[in-house]
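Residue numbers count from 1 along this sequence. Values below: all heavy atoms of this structure, side chains included; hydrogens, waters and symmetry mates excluded.
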Amino acid sequence: MRFIIAGTVFGFILIKSEVVSWFRIPEMFLFDSFHMYGVFATAISVSIIGVQLIKRLNIKDLSGNEIKIKTKDNSLTTRYIVGGTLFGLGWAIVGACPGPLYALIGTGYLIFIVPLLAAIAGAGAYGVLQSKLPH
């Protein structure tokens with residue numbers, strides 16, 4: 001139940017902050033507005049501070065377990081270039097990233113069922129083809 005409540009609150013925030021509005025995404029990609037870049041900059045800043053607090057204060061999860069943050073390989077590889085390009089193109093064409101699709105559908109924009117189904121199919125295809133994709 002806590003996940004449903006958290007998801008509902010998160011969806012409400014996405015809708016009220018207009019980050020899922022059909023006009024905000026094209027504004028961002030056309031560099032007509034700072035709105036989305038401001039949201040992203042805020043999210044990145046909060047994330048950096050949060051990760052640093054977790055690491056430096058040895059903060060535990062709700063069950064009392066240590067939170068382990070793995071170091072990632074930062075090398076630019078074909079998989080990141082292709083994956084990022086496909087993700088960005090899909091986002092630009094649809095006008096929404098996959099995260100808020102449920103919130104958009106919940107507010108009555110039922111046309112977003114189509115990209116949701118495409119996102120589910122894409123995730124399934126990735127699961128099947130993952131071992132054959134470039135590293």
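D61 CG to I67 CD1: the interatomic distance, rounded to the nearest 0.5 Å, is 5.5 Å. Separation of atoms OG (S17) and CZ (R24) is listed at 9.5 Å; rounding is to 0.5 Å. Rounded to the nearest 0.5 angstrom, I120 CD1 and I113 CD1 are separated by 10.5 Å. A distance of 11.0 Å separates CD1 of I13 from OG1 of T8, quoted to the nearest 0.5 Å.
When the side chains of ILVMFWY residues are joined at heavy-atom separations under 4.5 Å, either directly or via intervening members, V94 and I111 end up in a single hydrophobic cluster. In this structure, V19 is a member of the same hydrophobic cluster as F31, with clusters built from ILVMFWY side-chain heavy atoms closer than 4.5 Å. No path of Ile, Leu, Val, Met, Phe, Trp and Tyr side chains, each step under 4.5 Å between heavy atoms, connects L89 with I81, placing them in separate hydrophobic clusters.
Contact detail for I105 and L110: the closest heavy-atom pair is O-CD2, 4.0 Å. Looking at every heavy atom in both residues, L14 comes nearest to P100 through CD1-CB, 3.9 Å. Counting all heavy atoms, side chain and backbone alike, I15 lies closest to V20 at CD1-CG2, 3.3 Å.
In this structure, the side chains of N65 and K60 stay at 4.5 Å or more apart for every pair of heavy atoms. Side-chain atoms of H35 and E18, non-hydrogen and from C-beta on, do get closer than 4.5 Å to each other. Taking 4.5 Å as the limit, some side-chain heavy atom of M28 sits within range of a side-chain heavy atom of F40.
The aromatic rings of F112 and Y109 sit perpendicular, their planes meeting at an angle over 60°, well past the 30° parallel limit. Between F29 and W91, the angle of the ring planes goes over 60°, which puts this pair in the perpendicular group of the 30/60° scheme.
With a 6.0 Å radius and a threshold of 12 heavy atoms from other residues, nucleotides or ligands, F12 has its CZ atom at or below the threshold. The environment of CG in L57 is crowded: more than 12 heavy-atom neighbours from other residues, nucleotides or ligands sit within 6.0 Å. A 6.0 Å sphere centred on OH of Y37 holds more than 12 heavy atoms belonging to other residues, nucleotides or ligands.
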